[in-house]
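In what follows, chains carry the letters A, B, and so on, assigned in the order in which the sequence lines appear, proteins first and then strands, with residues in each chain numbered from 1.
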Amino acid sequence: MKKNFVAELTWRRMLHDMIPGTEDLLQGEIVRGYIGFDPTADSLGVGNLVQVMTLLHFQQCGHQPVALVGGATGMVGDPSGKSQERNLLNEDLLQHNLACQRKQLERFLDFDCGANSALIVNNYDWFKGFTFLDFIRDVGKHISINYMLAKDSVQKRLETGMSFTEFSYQLVQGYDFYYLWKHHGIKLQMGGSDQWGNIVTGTELIRRKDGGEAFALTTPLIKKADGTKFGKTEGGNVWLDPNRTSSYKFYQFWLNASDEDVANYIRIFTLRGQEEIEALEAEHAKAPHQRLLQKELARDITVRVHSEAAYHAAVEASDILFGKGTAAALMNLSEDDLLAVFEGVPQVDVSRSELEGGINIVEFLCDKTGIFSSRGEARKMVQGGGVFLNKEKVDDIARTVSTGDLMNNRYILAQKGKKNYVLIKSL
RNA sequence: GGGGAGAUUCCAGAGCGGCCAAAUGGGGCAGACUGUAAAUCUGUUGUCUUACGACUUCGGAGGUUCGAAUCCUCCUCUCCCCA
């Protein structure tokens, strides 16, 4: 046996709870363990990354990770942590999402390393032929309503209401565990702490139905120090897919982690060792404004999830956008560099002829480029000093934008606040 | 099937005939301060207008009224309790 998985998770602050005996099991043999992924989107988000990392550590500790993609459970909808009934996905979309997620998982886990090669399973495979009647006879019979009702995920929804479909979810997921235990020798299910209830329904089913024993281990839900949800930005979810979240934004997401959060993140999302991380923290503490931890974290993850090249491009763009380099530095960029730097920045086209005539700044920001959704908002923002053009503050709402503002005779960099950029291209 | 409560601007939640584009809190956005952090403070948060102001909003459709988010009728939806 290589590293002690439980110990590894513990120092990484990734262990929330586990069924007694889990550690002994893991120390005694190569264990097959699984984590389920919900196919609600065609890409995993950074929130899912915690579970991906858990599987990765699991594998590195010599165990065999299994990723379950929820083709069946995705059709039902997990009520855990949700205050409202979920929308059902149609089947085509589900299939598409599953295929995309599978591809992403393949990037992280090793599917060809002998005894503990990773596996991917889809619960639709064993649910598609399972009739409702068989299900309630073979599965429902073993779990009491009282037991199901006691779950937090159900309790929280009793006031606002939930459908029978969602209520059944825990049984469906519980059966997954049973099936995998029975047919694939899987003894452990892992997941976020919000999954605890669903997971133990599984171990319970295994016990009651076959008198078997299975184990569970959960990771804490990541919360930011300010209490807000992890993995979201103003623009919505942060995805792993570069087409959904550009490398620049992805890099920025991690770079912007607060001091309080970054210590957790670097433990959870990188593979670096304990000593190395502690050394980095000591460095960071000496000069917090250098944000060494954030930079290391952002680099590590961006390189792993995207690529080395994407990382360099993101850093370069960040330096230009946030560095001391002002208007002058921007003007000196060649067209190629400019485009490379702004690859991850939203771009908008504006016709050259309109620029030649000169456009009022408010009209430009709102009607022409859509940076603001209303003129009033654009006007207020300009008056409030929150708008920059080519890194120079604009505070006159009577200002006109014209070809004279173009860099390289083609581009204008508009900026709303400190962090929101839009590159405008004249055509 | 019976009884009750309710649907308000991004959310929560006031308002119960004119003073309501609608209190308050949260969230969002921006400014100051900073380290592209946190905390704090300030501004802003329906649309159009430089502004005065105008216009469209309070589940939906009608109606009463000089005037309705507020009153009446019908409808839709949600929750709770009983069978």
Side-chain angles (χ1 to χ4, degrees), chain A residues 82-85 154-164 166-167 223-230 232-238 246-266 280-281 283-299 302 314-326 329 341-342 344-346 360-367 370-389 391-400 413-422:
Chain A
K82 292 175 186 67
S83 54
Q84 288 194 338
E85 180 90 14
V154 174
Q155 284 295 318
K156 281 186 189 138
R157 288 284 295 282
L158 245 33
E159 284 294 307
T160 54
M162 79 193 292
S163 68
F164 177 71
E166 274 191 299
F167 177 62
K223 259 199 156 170
K224 294 200 284 180
D226 60 13
T228 55
K229 213 168 172 190
F230 169 78
K232 302 239 188 223
T233 59
E234 0 30 277
N237 248 319
V238 179
S246 70
S247 301
Y248 164 75
K249 283 206 178 124
F250 189 78
Y251 175 79
Q252 283 285 327
F253 169 76
W254 297 104
L255 190 69
N256 273 305
S258 72
D259 286 9
E260 280 174 283
D261 293 324
V262 75
N264 284 330
Y265 294 176
I266 201 156
L280 279 171
E281 284 180 321
E283 279 288 302
H284 178 89
K286 279 187 224 158
H289 60 281
Q290 296 291 328
R291 293 181 305 133
L292 181 66
L293 278 175
Q294 282 91 338
K295 283 178 184 164
E296 284 299 309
L297 171 75
R299 174 163 75 92
T302 309
V315 171
E316 206 176 322
S318 300
D319 280 348
I320 292 185
L321 262 25
F322 292 101
K324 310 145 216 61
T326 46
V341 163
F342 294 116
V345 171
N360 170 268
I361 182 74
V362 172
E363 195 185 335
F364 178 76
L365 291 171
C366 177
D367 303 343
I371 297 169
F372 291 96
S373 54
S374 81
R375 291 183 170 208
E377 193 190 348
R379 197 176 303 118
K380 281 170 196 152
M381 201 58 83
V382 169
Q383 287 169 332
V387 174
F388 299 78
L389 232 50
K391 303 266 330 173
E392 283 180 7
K393 184 177 261 187
V394 175
D395 50 14
D396 178 9
I397 54 168
R399 189 193 195 283
T400 317
L413 180 68
Q415 182 181 355
K416 170 189 158 198
K418 274 196 203 70
K419 297 178 187 174
N420 304 298
Y421 292 90
V422 177

Worksheet item: Hey, is the side chain of A:K416 poking within less than 4.0 Å of OP1 or OP2 on B:A30, counting only N and O atoms?
Response: no

Worksheet item: Between the side chain of A:Q415 and the main-chain N/O of A:G417, is any donor-acceptor distance below 3.5 Å?
Response: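 Answer holds: yes.
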
Worksheet item: Which sits closer to the 5' end of RNA chain B, A:Q294 or A:F388, going by the nucleotide each is nearest to?
Response: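 The residue mapped nearer the 5' terminus is A:F388.
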
Practice prompt. Select from A:G376 and A:Y251 the residue whose nearest nucleotide in RNA chain B is closer to the 5' end of that strand.
Written response: A:Y251

Expressed in whole Å, how much space separates the [atom1] atoms belonging to [N] and [M]?
N     : M     : atom1 : result
B:C58 : B:A68 : C1'   : 11 Å
B:G43 : B:C48 : P     : 23 Å
B:A37 : B:A30 : P     : 11 Å

Fill in: CG-CD1 distance between A:L292 and A:I266, expressed to the nearest 0.5 angstrom
8.0 Å

Worksheet entry | Residue from A:V387, A:V394, A:V422 passing side chain to side chain contact (heavy atoms under 4.5 Å, CB included) with A:L365 |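 Per the side chain to side chain contact (heavy atoms under 4.5 Å, CB included) rule, the option paired with A:L365 is A:V387, out of A:V387, A:V394, A:V422.
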
Across the strands shown, which category fits [X] at heavy-atom distances under 4.0 angstrom: base, sugar-phosphate, nothing?
X      : answer
A:Q290 : nothing
A:R379 : base
A:K418 : base

Item to complete: Determine, for A:K380 against A:E377, whether the closest basic-nitrogen to carboxylate-oxygen distance falls under 4.0 angstrom.
Response: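 No salt bridge links A:K380 with A:E377.
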
Practice prompt. Would you mind pulling out the nucleotide paired to B:C77, Watson-Crick or G-U wobble, both distances under 3.5 Å?
Written response: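 Pairing partner, where one exists within any strand: B:G6.
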
Item to complete: May I ask you to verify whether the side chain of A:E377 and the base of B:U45 hold a donor-acceptor pair under 3.5 Å?
Response: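 In this structure, the two groups form no donor-acceptor pair.
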
Nearest to side-chain heavy atoms of [X], which nucleotide of [options]:
X      : options             : answer
A:R375 : B:U49, B:A30, B:A38 : B:U49
A:N256 : B:U36, B:U50, B:U44 : B:U36
A:D259 : B:U36, B:A37, B:G35 : B:G35

